[in-house]
Structures are given as structure tokens and as C-alpha cells.
There are 2 protein chains.
Amino acid sequence: MATIQEVAKKAGVSAATVSRVLNNRTTVTEKTRNKVDQAIKELNYEPSVLGRNLRNSESRLLLVLIPSISNPFYTKIINGIEDRAIEQGYNILLCETDSNPKRETIYFNLLKNRLADGIILMDPTVNQESLLELASSHPIVQCSEFDENEIISYVSIDNELAAYHAVRHLIKLGQEKIAFINFNENFLYARERRRGYERALKEFGLEIESNWIYNTTQLGFENGQQAMRKLLNQNNRPTAVFAVSDVLAIGALKEIQSSGLKVPEDIAIIGFDKISFSNMTHPTLTTIAQPMYQMGVLSANMLIKKIKGDQVENMILDHELIIREST
Amino acid sequence: MATIQEVAKKAGVSAATVSRVLNNRTTVTEKTRNKVDQAIKELNYEPSVLGRNLRNSESRLLLVLIPSISNPFYTKIINGIEDRAIEQGYNILLCETDSNPKRETIYFNLLKNRLADGIILMDPTVNQESLLELASSHPIVQCSEFDENEIISYVSIDNELAAYHAVRHLIKLGQEKIAFINFNENFLYARERRRGYERALKEFGLEIESNWIYNTTQLGFENGQQAMRKLLNQNNRPTAVFAVSDVLAIGALKEIQSSGLKVPEDIAIIGFDKISFSNMTHPTLTTIAQPMYQMGVLSANMLIKKIKGDQVENMILDHELIIREST
DNA sequence: CACCTCCATGAAATCGATTACATTTATGTT
DNA sequence: AACATAAATGTAATCGATTTCATGGAGGTG
């Protein structure tokens, strides 16, 4: 890798002039500019982000923290973030945290160290304290998950209302025995959706049956299968299931079919997220759609604004009930 | 963010001594070390990766370049890479290239600029020339995809043989009209698997029917559906399908069922990759399993060795035929 | 032609850390 | 006590780029 010094030497100018050419400063003669451009080409020179940042503290890199890349829910959000970021001259780096505080800290430090200009966080933070400290001095935006005391800017949906709509849909179809497959309640969305589930039941005068609520520890298909197996083994079986994620819903669907029951005739299912696979199952899955791509775009927008020092406002986007064959 | 100078001042020592404490040099008194540690804690100091790298050219960061995060094939590989990298004190950053040369260049430059110590590449490189140049001076390992003239180290499987096994499996079940849904042949694996498909047909005396070979432009479920629709609309319909990816196979499966046909009775299907979804379909999907996690682990191993200057050898891993309900 | 202004360019400081080398301090030996 | 030696610490150069300030030269004006 050539350095700015070598380019300067080759072009017969000083490093300062090369830097001016690189940054399109106006005060460079056409002639000098050409000499420098020539030298840059010949040496195949690329400026070092390291040297540049050290001086300027700007890297034009954004970090996107997600708990797990295997969850298809995040892919569209990330597409939205990427499209917008690239449009604005930023690049993104994906960081999988596995919801592990140590990994999270490492990525937080990359921001502190100015290796990145900002973070979009989709993890329910494990270390609340260090997050708040970081957010007080660095640009951070939360997407989907957020801090309930609203210190950090966020883009999300109304999870409680969305869950309420999902369950109301089942109730209006005549369902009265509705189970709920939820995920780890460390996630804000899990807590909120549970509230929505309970609110709908109460509002329509249905009992909340704790045996019908099952929290999985992970978000794999197998976890949905396991949950459903537990529900099917009960004496008083539910006749409908609301799963907090399509992945869990699809696992549940598979389990129901394996046990010889029919969906939606014997048991109706509704999922959440509208992942692309939810349209490939047989029957296709009724679900709640989040505007994932848009959430990504808006998060990126918000973060870039913050980096530039502008004020931003939190956003709650609309969801949509997608009725398909499973209910 | 505190700097090393401020810590030094607070502790009443020089920056050099602080640096020695940070890097566990032996030549520091217990007493001084304590003073420094104390100062570090009080100021909440974290060393800047920027300053450090500029001097040392070491960041302990690895870049992983993938074409698209939405392809579940990559998730397990990435898990393998991550586990091994973390074990060795490295962190990884995921870069989605979208197979876009510009994006690729940006990430290549991060390596040139020493923001990262090495790259694991899973994209069929768009800009061959710049890749080879980069590889001549920086640690790069290719995983799954690789350069056929073997200049760059790689970890992969024998795609031709795997495809041959898949098709042979169908033939042995009595199938004679076998279609092939392939992906963009920019990908080496697509070219190799096609060769395997053709070799199997020839070997068992079956004609290669060009109407039965369909190349998709993307790797979504919809693309599998489209391809299958085309195949079903022909006068001389195939009775079996080999899809180069489970995602395409699942799309094809859905399309067959929508048209009222039965799998495997009317049309048998075999996929490739053994993604977790492939066990959730009805019927479950016969497929070829790649040792994805292990590929990740070995790639990470190989890259770290390269970074340390060790010699490495290319690796071809074994695949496995997973027979399930769809054949 | 003398003087002033303005523009292009260079010299040197700077960012935050590491490290070779120099210097000081402590320890041991006779 | 005097000296040799080893250990601890400080000084200053360094990495690669940017930027402030200084400088030299071109061009304009009276």
C-alpha cells in the first residue's frame, strides 16, 4: 500500500497538496491536480481510513447490531438500512451479538474508538448502563426493540396493538381457546405482545389460561414444534394459536400436522412478521406484517441525522393483518 | 473519551508506562501498575483501536463477505467462523456485497487500510483482478466459492460430485425425466453442479434435455416457483427435479402442490444445502447436506493461520445425501 | 517599477497509541 | 562506600492523513 508521502514524492509536491487533491479543495491548480492524479493512479494509492479518522474522527461506517442473523425478520430491515446508508455515502457492518454482553461491549467499543460513526441497535440491550452511557455521547438509534424510558431514539411498531389485533382476529372467527407461543420476555416486543394478547382476551370476556402460554428460549422451528407438542399434550387443548414469530408458528404448524390434525379446521394459527417462508407453507400462514424495509430506511435516516447533529423524533409505524389460509 | 495522555497525567507517569501496563509488559512495578489501573478505571479509559492500529497494523477484526444475508445457507457457516474467531481473540464483521463490485471494493479497501486483518470471501468475486492483487499482499480465504486456478486458499466441497450423487439418487429410484433448477452460473458451484447433473445423466444413458434446465436470477422462493411453473407448462413434463438450493426446491415444491400434483408421487424433488426450513415442509425435503458449520470453523482457522504467516492447504470437505419424504 | 493582494503550495503540528533508546533509580557485590 | 549491573521509567520518533499557518510567486494598480 502506497502512502500519501510516496504519492507526494512521485508527483513532486508535498503531502499537504495531495491531501487537498483528495478532498477536492479548490485551491489546487489544474496542472498540479493532474500530476497528483497521475501519481495516485500509477501507485494504485488508496487513502488509509485509519490515518484519516485519527485526525478527523469520521469513518463513514455504521454498525448494525442484531442478536442473530438466522432470524429472517432482520434481513429486510437490513436491506432498508443498507439502501439508505449507501445512498448517503455510508457503509454498514453487521455485528451478530448473540445477545452476549461481551460481544456487545466489543462492538460498543468500536464506536467509542471512532471506528464507526454510529450504531443501529436491534438487540434488547443486555448492559443497560453501558448503553445509556454510550448513547449520551455517541449517535445510537434503536430499531424494533427500544428502551422504555425513551432516552434513546427509536423506530418501532405498536407491538401491543398488533398482538391485540392478531388475537381479536381469532376471536372474531369464533375461537375461544387461544394459546400463545411467546419468546423470551427479555425482549420488549415479547412483553408488549403478551400484554396485547391478554388485553384482547379480557376485552372479549375470555379467561387467561396460564397453561396455554408458552415461552420459548430460542427462535428456531424446533422451538415452535416443542411448544406445540406441550400444548397438544394437555387435556384441555387450545383450538387456536397465536405465535409471536412466524418461525415459531411454522414449527407449530408442522407439529400439528405431524400429529394428524388439520389446520385451520382443528387448530387455527396466526404468526407474526410475514417472513417470506410464511407464504410457502401449506396452508399459507396468516400473520401480522411489519413494515420492515421501511423501518430500516427510517432507522438509517435517523442515525445519519443524529451523526450530523440534527434533532430527531421517535417513530411508531403501522402494522397490517395478513389473512391467509391458516385461520 | 479519555486518551492515554490523560491517564498518564492522572497517574503521574508517562504515556509509555501506561501503554506498558495496557499491554502487560513485565517491566512495571506493582505499585505503578496499581496507580495506572486506578487512573484507567476513574477515567473510564478504553484504548483507541485507531491509534493502536496505525502503529501496529493489527486490529483483530475479520471481515466476512457474503452476497446476501437472506440466504440461510450462510448462517451456519458464519456461526462456525464466529465461534472459532472469538476463541482466537478475533471479532468478525459481516459485509453484505449484493454481488456488487463497488461494495466489494469498499470492503477490500477496509482490509488494505488495515481496518481489518483478513477476509473470508463467500462471493464469486466480481472483480477478479483486484481480488488477486489484494490476495497477493493480504490474508484472504475463500469459502464455498473459489478461484479455479487455485491462487487463493479455500475451503469447499466437491460440488460436481455432490450434484452427481443427488441425480444418481433420483435415477436409482427409477426417474428418467429429471429437470434441473440452477442458479446464476457466475457462481462456481452452479457451474460445477451442472457438470455433475450432466455427468450423471450421461453415465446412465439419459438424454440431456435443454428445456429441463432452468437458471434463476435470484435465490428466493418465488424464483423456485417461477422456474417450476415454466417446467410444468411444457408438453413433455419432467417427473423429478433437482434444485441447486433448498430455497429454490421449496419454491418448486409449493408450485407443484398449488397445481394439484403430489410430491413425490407425481414429481420427486431433491434440494441442496439442508437448510433448517427443509425439514419443515410437507413432505420434508430430500437434500444434500454440506458441513456448513465445519466449513466456517475451518475457514476461520485457515485465515488466522495466514494472518500469522503460516502456510495453509486447501480443503475439500465431504457432503452427505439426506433422504427424506420428497423422493 | 514599486508595492499590494491573492492564490498556490509547503512546513510542521496534530490525532492516540507503541516502542527503541536514553536515563534514572534500585539492588547487589566486594 | 564505591562501583557494576539490572530494573523501571521517561523521551521522542513513528504510523498516515489533515489542517493551520507561513511563504513565495504571479498578477494588478498607480
Side-chain angles (χ1 to χ4, degrees), chain A residues 1-40 43-61 109-117 137-138, chain B residues 1-40 43-61 109-117 137-138:
Chain A
M1 253 345 253
T3 73
I4 201 171
Q5 313 291 344
E6 302 174 59
V7 174
K9 200 171 165 189
K10 179 142 212 151
V13 298
S14 74
T17 303
V18 177
S19 172
R20 281 187 270 257
V21 171
L22 288 171
N23 296 284
N24 277 317
R25 292 270 168 282
T26 44
T27 61
V28 183
T29 328
E30 194 58 27
K31 211 172 111 191
T32 338
R33 183 181 298 273
N34 289 337
K35 275 195 300 184
V36 172
D37 282 337
Q38 180 67 19
I40 289 176
L43 291 174
N44 222 329
Y45 167 77
E46 295 272 357
S48 156
V49 181
L50 244 44
R52 176 174 288 174
N53 291 14
L54 186 54
R55 189 64 218 262
N56 294 1
S57 359
E58 190 198 49
S59 63
R60 302 220 138 229
L61 249 30
N109 282 340
L110 292 185
L111 181 58
K112 283 192 188 169
N113 294 337
R114 319 223 185 113
L115 255 172
D117 292 349
S137 50
H138 295 269
Chain B
M1 260 336 260
T3 73
I4 201 173
Q5 312 292 344
E6 301 174 61
V7 174
K9 197 170 166 191
K10 179 141 210 154
V13 299
S14 74
T17 303
V18 177
S19 172
R20 281 188 270 258
V21 171
L22 287 172
N23 296 284
N24 278 318
R25 294 269 167 285
T26 44
T27 61
V28 182
T29 329
E30 193 60 27
K31 211 173 113 191
T32 341
R33 183 180 296 274
N34 288 338
K35 272 194 301 182
V36 172
D37 282 338
Q38 179 69 19
I40 288 177
L43 292 173
N44 223 325
Y45 167 78
E46 296 271 356
S48 157
V49 181
L50 245 42
R52 174 174 289 172
N53 291 15
L54 188 54
R55 189 64 217 260
N56 289 1
S57 5
E58 192 198 50
S59 63
R60 301 220 139 230
L61 250 28
N109 282 340
L110 291 185
L111 180 58
K112 284 192 187 166
N113 294 338
R114 322 226 182 109
L115 254 171
D117 293 349
S137 50
H138 296 268

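Within every chain, numbering begins at 1; the chains are lettered A, B, ... in the order of the sequence lines, protein sequences first and strands thereafter.
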- Choose from D/dG16, C/dA17, D/dG10 the nucleotide whose nearest atom is closest to any side-chain atom of B/Ser14. D/dG10
- Message: In whole Å, I'd like the distance from the NZ atom of A/Lys31 to the P atom of C/dC7.
- Response: 19 Å
- Item | Expected output: side-chain A/Thr3 to main-chain A/Gln5 donor-acceptor under 3.5 Å | yes
- Item | Rounded distance (Å) that lies between atom P of C/dA11 and atom CZ of A/Arg20 | 11 Å
- Task: Take atom CG of B/Leu22 and atom P of C/dA17, then tell me their distance rounded to the nearest Å.
- Result: 8 Å
- For A/Val18, report the nucleic acid contact type (base, sugar-phosphate, nothing); a contact means any heavy atom under 4.0 Å. nothing
- Among C/dT9, D/dG10, C/dA17, the nucleotide that comes nearest once only the side chain of B/Val13 is considered: D/dG10
- Query: Which one, D/dG10, C/dT18, D/dT9, comes nearest to the side chain of B/Ala15?
  - Reply: C/dT18
- Message: Rounding to an integer number of Å, can you tell me how far A/Glu30 CD sits from C/dC7 P?
- Response: 17 Å
- At under 4.0 Å, does any side-chain N or O of A/Thr17 touch on OP1 or OP2 of C/dG10? yes
- Item | D/dT9 phosphate, OP1 or OP2, under 4.0 Å from B/Thr32 side-chain N/O | yes
- Can you measure from CZ (A/Arg20) to CZ (A/Arg33) and round to the nearest 0.5 angstrom? 11.5 Å
- Side-chain contact check for A/Thr29: nearest option of D/dA17, D/dG10, C/dT9 is C/dT9
- Item | Length of the line joining A/Ile4:CD1 and D/dT19:P, which is rounded to integer Å | 11 Å
- Query: Closest to the B/Ser19 side chain: D/dT9, C/dT9, C/dT19?
  - Reply: C/dT19
- Task: With the side chain of B/Ala16 defined as its heavy atoms from C-beta on, choose the nearest nucleotide among C/dT9, C/dA17, C/dT19.
- Result: C/dT19
- Message: Distance check, rounded to the nearest 0.5 Å: B/Leu43 atom CG versus B/Lys10 atom NZ?
- Response: 5.0 Å
- Query: How long is the span from the CG atom in A/Leu22 to the OH atom in A/Tyr45, to the nearest 0.5 Å?
  - Reply: 5.0 Å
- From CG of A/Asn23 across to P of D/dT19 the rounded distance in Å is 7 Å
- Message: For A/Lys35, I'd like to know if atom NZ has over 12 heavy atoms of other residues, nucleotides or ligands within 6.0 Å.
- Response: yes
- In whole angstrom, give the distance that lies between atom NZ of A/Lys35 and atom P of C/dT9. 8 Å
- B/Leu43 has an atom CG; how far is it from atom C1' of C/dG16, in whole Å? 15 Å
